[in-house]
**Student:** 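Following this message is one structure expressed as C-alpha cells.
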Amino acid sequence: MPHDDHSHSLLPSDPALRVKALETLLVEKGLVDPAALDEIIDTYSHKIGPQNGAKVVAKAWVDPDFRAALFSDATSAVRDLGYYGRQGEHMVAVENSATTHNLIVCTLCSCYPWPLLGIPPGWYKSDAYRARAVREPRAVLSEFGTTLAPETKIRVWDSTAEIRYLVIPERPPGTDGWSEEQLAGIVTRDAMIGTKLVEAPA
Amino acid sequence: MNRVHDMGGRFGDGAIDPNEPDAVFPQDWHGRALALTLAAGGLGQWNLDISRHARECLSPTDYVRFGYYEKWIAGLTDLLVNNGVVTQEELSTLTPTPNSPLRERKMLAEYVAKILASGGPADRPSDIPAVFTVGQRVTTRVHGNTLVDGGHTRLPSYARGKTGWIIQHHGAHVFPDSNAHRLGEAPEPLYSVGFYARDLWDTAENPEDEVVLDLWQSYLEPA
C-alpha cells in the first residue's frame with residue numbers, strides 16, 4: 001500500500017468545502033447515505049455524552065455493590081447500565097482519592113470513552129494537551145484552575161491501546177443524603193477526564 | 001524515528017484553553033467530517049489501525065497546520081484513494097464513476113444506532129502466553145515499528161527504552177503494528193505498564209508521579 005501519498009491535496013482547500021465535496025462524491029457513488037450521517041451526528045450531539053458517565057459516577061458513589069463491580073470489570077458494569085459501543089469496548093474505571101489523582105490523555109491521537117463521555121472537547125484533542133499532560137500534569141491542571149496537594153500523587157493514563165478510562169472523582173463533602181440524580185448533576189465532563197475536581201455545592 | 005503525531009512530552013506548545021465553546025461540533029462540517037469517516041469506515045475496506053495510520057502519515061506541515069477534523073478528512077481522502085474506493089481523477093473532477101461494487105455495503109440510516117452500539121472489541125483469543133506478572137519490572141524496547149519502517153506503533157517515543165512495572169494484564173489484543181499494515185491481527189498480551197515521572201523526564205514536576213501506558217508484550221522485555 002502506498003505511504004506518504006497525499007491525494008487529499010486534490011480537494012478544495014477550505015475545509016468546509018472539502019468535506020462537502022467528499023460527501024457529495026461518495027453519496028453520488030452510492031457509498032454513503034446522507035441520512036446516516038445525520039443520524040451519527042444526532043447520536044453524538046444529543047443521545048451520547050457526559051451525562052452517561054455522570055450517572056456511572058453517581059451510582060458508584062451511592063451503591064457499594066455497583067462500585068465493587070465497576071472496579072472489578074468496568075466494561076460489564078457500565079454495559080449493564082446500557083453504556084457500550086464504539087470506543088467503549090474495553091473500559092477501566094480509575095478512582096481518585098486523597099493520595100492519588102488520575103488524569104486521562106491520548107498522546108498519539110484522541111482516544112476517549114465515547115459511550116460514556118461522547119466526543120472529546122477541542123482541548124483534549126489539542127497538541128498542547130497531548131504534548132504536556134504526560135510531562136507536566138500539574139502545570140496543565142493549574143490551567144484548569146485545579147491545584148492538588150503536593151503529596152497527592154498524579155497518575156496520568158496515556159490511552160495507547162483500545163482500553164478506555166473513566167475517572168471516578170471524589171464525592172464532595174456536603175452531599176450526604178443526595179439522590180443519585182442530584183449527584184449526577186454535579187459531575188462534570190472535565191472531572192471524569194481528571195482535569196477538574198467535583199466541586200462541593202455552594 | 002517517529003512521526004509528527006508522536007508528541008507526548010514535547011516542549012513549546014503553550015497554554016491550554018479549557019474554556020472553549022462547549023458545542024460537541026463547533027462547526028457543522030466538523031460533525032459531517034466525523035460522520036463521513038465513520039460511514040466510509042463501514043464500507044469495510046480498512047480497519048481502525050489503518051485509519052489512524054493514515055492520519056499519522058500526513059506530512060508534518062499538513063499535520064501542524066490542519067485542525068483536528070481537517071486531519072480526519074485528509075486521512076479519509078487518502079484512505080479512499082489508497083484503497084481504490086475512489087480514484088484521483090474522481091477527486092480532482094468531483095465526477096463519480098458509476099457502479100462501485102461497494103454500493104451494497106453502504107451504511108444505511110436505520111442501522112446506525114445498532115452499528116454504533118455494537119462497537120468493535122479488540123480482544124482476541126491468542127496462543128501467545130502472557131509472560132509478565134503484575135508487579136514485575138519491565139523495560140520497553142527502543143525501536144518503533146519493527147515490521148514496517150516508519151510504520152504504525154502505539155509505543156510513544158517518550159516511553160521507549162524506559163523501565164516500569166506491570167499494573168494489569170488485559171488479555172490478548174489485536175497488535176496495531178501489524179494490523180495497520182494488513183499483516184494480520186497478530187493478537188498478543190496487552191498490559192497496563194506504570195512508569196515513574198523521574199524515569200521518563202529530565203526534570204519531573206514530582207518524581208513520584210506516574211504515567212501509565214497500555215503496551216503490547218513484544219514492546220517489553222524483563223528489566
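Reminder, nothing fancy here: chain letters follow the sequence lines and each chain counts from 1.
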**Student:** Using a 4.5 Å cut-off on heavy atoms from C-beta on, say whether the side chain of Ile119(A) contacts that of His30(B).
**Tutor:**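 They are not in contact (no side-chain heavy atoms under 4.5 Å apart), so the answer is no.
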**Student:** Identify which part of Ser9(A) has an atom lying under 4.5 Å from any heavy atom of chain B, answering side chain, backbone, both or neither.
**Tutor:**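 Neither the backbone nor the side chain of Ser9(A) comes within 4.5 Å of chain B.
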**Student:** Do you know which two heavy atoms are closest between Arg103(B) and Leu31(A), and how far apart they sit?
**Tutor:** N-CD2, 3.7 Å
**Student:** So Arg154(B) and Cys111(A), do their side chains get closer than 4.5 Å, heavy atoms only?
**Tutor:**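 Answer yes - side chains close enough.
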**Student:** With a 4.5 Å cut-off on heavy-atom pairs, point out which of Asn99(B), Thr203(B), Leu116(B) contacts chain A the most.
**Tutor:** Leu116(B)
**Student:** Given a strict heavy-atom distance threshold of 4.5 Å, which part of Val85(B) is in contact with chain A: side chain, backbone, both, or neither?
**Tutor:**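 Interface part for Val85(B): both.
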**Student:** At a heavy-atom separation under 4.5 Å, does Tyr165(A) approach chain B through its side chain, its backbone, both, or neither?
**Tutor:** side chain
**Student:** For Tyr158(B), is it the side chain, the backbone, both or neither that has a heavy atom under 4.5 Å from a heavy atom of chain A?
**Tutor:** side chain
**Student:** Under a 4.0 Å N-O cut-off, is there an ion pair linking Glu205(B) with Arg132(A)?
**Tutor:** no
**Student:** If the condition is side-chain contact (heavy atoms from CB on, under 4.5 Å), which residues does Pro115(A) pass it with, not counting sequence neighbours?
**Tutor:**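 Expected list: none.
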**Student:** Please examine the side chains of Leu190(B) and Ile163(A), heavy atoms only from C-beta on, and report whether any two atoms are closer than 4.5 Å.
**Tutor:**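 Yes; the side chains approach each other to less than 4.5 Å.
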**Student:** Measure distances from Val105(A) to the heavy atoms of chain B and classify the residue's part below 4.5 Å as side chain, backbone, both or neither.
**Tutor:** neither
**Student:** Could you check which of Ala15(B), Ala33(B), Gly31(B), Ala204(B) has the highest count of heavy-atom pairs closer than 4.5 Å to chain A?
**Tutor:**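 Ranked by contacts with chain A, first place is Ala15(B).
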**Student:** Minimum heavy-atom separation for Lys29(A) to Thr97(B), with atom names?
**Tutor:** NZ-O, 3.3 Å
**Student:** Output the option from Leu48(B), Leu36(B), Leu38(B) having the highest count of non-hydrogen pairs under 4.5 Å with chain A.
**Tutor:**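 So the answer, after comparing Leu48(B), Leu36(B), Leu38(B), is Leu36(B).
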**Student:** According to the interplanar angle, ranging from 0 to 90°, do the rings of His8(A) and Phe66(B) count as parallel (below 30°), tilted (30 to 60°) or perpendicular (above 60°)?
**Tutor:** perpendicular
**Student:** Under a 4.5 Å heavy-atom cut-off, does chain B meet the side chain of Pro150(A), its backbone, both or neither?
**Tutor:** backbone
**Student:** Write down the atom of Leu94(B), the atom of Ala21(A), and the distance for their closest heavy-atom approach.
**Tutor:**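 Nearest pair, atom of Leu94(B) first, then Ala21(A): CD1-CB, 3.8 Å.
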**Student:** With only heavy atoms counted, which part of Leu37(A) is less than 4.5 Å from chain B, the side chain, the backbone, both or neither?
**Tutor:** both
**Student:** Using non-hydrogen atoms only, which part of Ser159(A) is less than 4.5 Å away from chain B: side chain, backbone, both, or neither?
**Tutor:**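 Backbone only.
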**Student:** Which atoms of Asp62(B) are under 4.5 Å from chain A, going by heavy atoms: the side chain, the backbone, both sets, or neither?
**Tutor:**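 Contact with chain A: side chain only.
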**Student:** Of all the heavy-atom pairs spanning Trp201(B) and Val134(A), show the shortest one and how long it is.
**Tutor:** NE1-O, 3.2 Å
**Student:** Would you say the side-chain atoms of Thr160(A) and Tyr219(B) include a donor-acceptor pair closer than 3.5 Å?
**Tutor:**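 Their side chains do not contain a donor-acceptor pair, so the 3.5 Å distance test is not met.
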**Student:** Given heavy-atom pairs under 4.5 angstrom as the criterion, report whether the side chain, backbone, both or neither of Leu43(B) touches chain A.
**Tutor:**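 Side chain of Leu43(B) only, per the 4.5 Å heavy-atom cut-off to chain A.
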**Student:** Under a 4.5 Å heavy-atom cut-off, does chain A meet the side chain of Thr87(B), its backbone, both or neither?
**Tutor:**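 Nothing of Thr87(B), per the 4.5 Å heavy-atom cut-off to chain A.
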**Student:** So what's closer than 4.5 Å to chain A heavy atoms on Leu200(B): side chain, backbone, both or neither?
**Tutor:**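 Interface part for Leu200(B): neither.
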**Student:** Between Phe195(B) and chain A, which part of the residue has a heavy atom less than 4.5 Å away: side chain, backbone, both or neither?
**Tutor:** neither
**Student:** Could you tell me if the side chain of Pro137(A) sits less than 4.5 Å from the side chain of Glu210(B), heavy atoms only?
**Tutor:** no
**Student:** Tell me, side chain or backbone of Pro98(B) under 4.5 Å from chain A's heavy atoms, or both, or neither?
**Tutor:**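 No part of Pro98(B) comes within 4.5 Å of chain A.
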**Student:** Against chain A, work out which of Ala74(B), Gly42(B), Ala54(B) has the most heavy-atom pairs shorter than 4.5 Å and name it.
**Tutor:**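 The residue among Ala74(B), Gly42(B), Ala54(B) with the greatest pair count is Ala74(B).
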**Student:** For Lys20(A), look at atom NZ and say whether over 12 heavy atoms of other residues, nucleotides or ligands are found less than 6.0 Å away.
**Tutor:**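 Atom NZ in Lys20(A) is not packed in, count stays at 12 or less.
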**Student:** Is any side-chain heavy atom of Ile154(A) closer than 4.5 Å to a side-chain heavy atom of Asn206(B)?
**Tutor:** no
**Student:** Between Arg130(A) and Asp13(B), does a salt bridge (Lys or Arg N to Asp or Glu O under 4.0 Å) hold up when you go through it step by step?
**Tutor:** CA-CA 10 Å; Arg130(A) 289 168 54 190; Asp13(B) 281 281; over 6 Å; no
**Student:** Does atom CG of Asp14(A) have more than 12 heavy-atom neighbours, drawn from other residues, nucleotides or ligands, at distances under 6.0 Å?
**Tutor:**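 Atom CG in Asp14(A) is crowded, with more than 12 foreign heavy atoms closer than 6.0 Å.
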**Student:** Tell me, for Ala139(A) versus chain B, whether the close heavy atoms (under 4.5 Å) come from the side chain, the backbone, both or neither.
**Tutor:**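 It is both, since atoms from each part get that close.
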**Student:** Flag the one option from Gly120(B), Ser92(B), Ala159(B), Ser118(B) with the top tally of heavy-atom pairs under 4.5 Å to chain A.
**Tutor:** Gly120(B)
**Student:** Side chain, backbone, both or neither: which part of Asp6(B) has an atom under 4.5 Å from a heavy atom of chain A?
**Tutor:** both
**Student:** Pick from Gly9(B), Ala39(B), Gly67(B): which one has the most heavy-atom pairs with chain A under 4.5 Å?
**Tutor:**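 Looking at each option in turn, the highest pair count goes to Gly9(B).
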**Student:** Given that the side chain runs from C-beta out, which part of Glu90(B) has a heavy atom under 4.5 Å from chain A: side chain, backbone, both or neither?
**Tutor:**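 Interface part for Glu90(B): both.
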**Student:** Looking only at non-hydrogen atoms, find the nearest pair between Ala128(A) and Gly14(B) and report the distance.
**Tutor:** CB-O, 3.7 Å
**Student:** Is it the side chain or the backbone of Leu34(B) that comes within 4.5 Å of chain A heavy atoms, both, or neither?
**Tutor:**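 Contact with chain A involves the side chain of Leu34(B) alone.
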**Student:** Cation-pi check for Tyr69(B) against Arg18(A): NZ or CZ below 6.0 Å from the six-membered ring centre and within 45 degrees of the axis, yes or no?
**Tutor:**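 Geometry flag: not set, cation outside 6.0 Å or 45°.
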**Student:** If every non-hydrogen atom of Ala16(A) is compared with every non-hydrogen atom of Trp29(B), which pair is closest and at what distance?
**Tutor:** CB-CD1, 3.6 Å
**Student:** Tell me, side chain or backbone of Arg32(B) under 4.5 Å from chain A's heavy atoms, or both, or neither?
**Tutor:**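 Contact with chain A: backbone and side chain both.
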**Student:** What part of Leu22(A) gets within 4.5 angstrom of chain B, counting heavy atoms only: side chain, backbone, both, or neither?
**Tutor:**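 For Leu22(A), heavy atoms of backbone and side chain both lie under 4.5 Å from chain B.
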**Student:** Is there side-chain contact between Cys109(A) and Lys71(B), with at least one heavy-atom pair below 4.5 Å?
**Tutor:**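 Sidechains of Lys71(B) and Cys109(A): no contact.
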**Student:** Check each atom of Glu39(A) against the heavy atoms of chain B and say whether the ones under 4.5 Å are side chain, backbone, both or neither.
**Tutor:** both
**Student:** Please determine whether the number of non-hydrogen atoms from other residues, nucleotides or ligands lying under 6.0 Å from atom CZ of Arg79(A) exceeds 12.
**Tutor:**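 Atom CZ in Arg79(A) is not packed in, count stays at 12 or less.
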**Student:** Does the side chain of Leu26(A) come within less than 4.5 Å of Val86(B)'s, by heavy atoms?
**Tutor:**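 Side chain of Val86(B) against side chain of Leu26(A), heavy atoms only: contact under 4.5 Å found.
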**Student:** Less than 4.5 Å apart, any side-chain heavy atom of His170(B) and any of Val92(A)?
**Tutor:**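 His170(B) reaches Val92(A) side chain to side chain.
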**Student:** Side chain, backbone, both or neither: which part of Ala197(B) has a non-hydrogen atom closer than 4.5 Å to chain A?
**Tutor:** neither
**Student:** The criterion is ring pair (Phe, Tyr, Trp, His ring centres under 6.0 Å); which residues satisfy it with Tyr63(B), sequence neighbours excluded?
**Tutor:** none
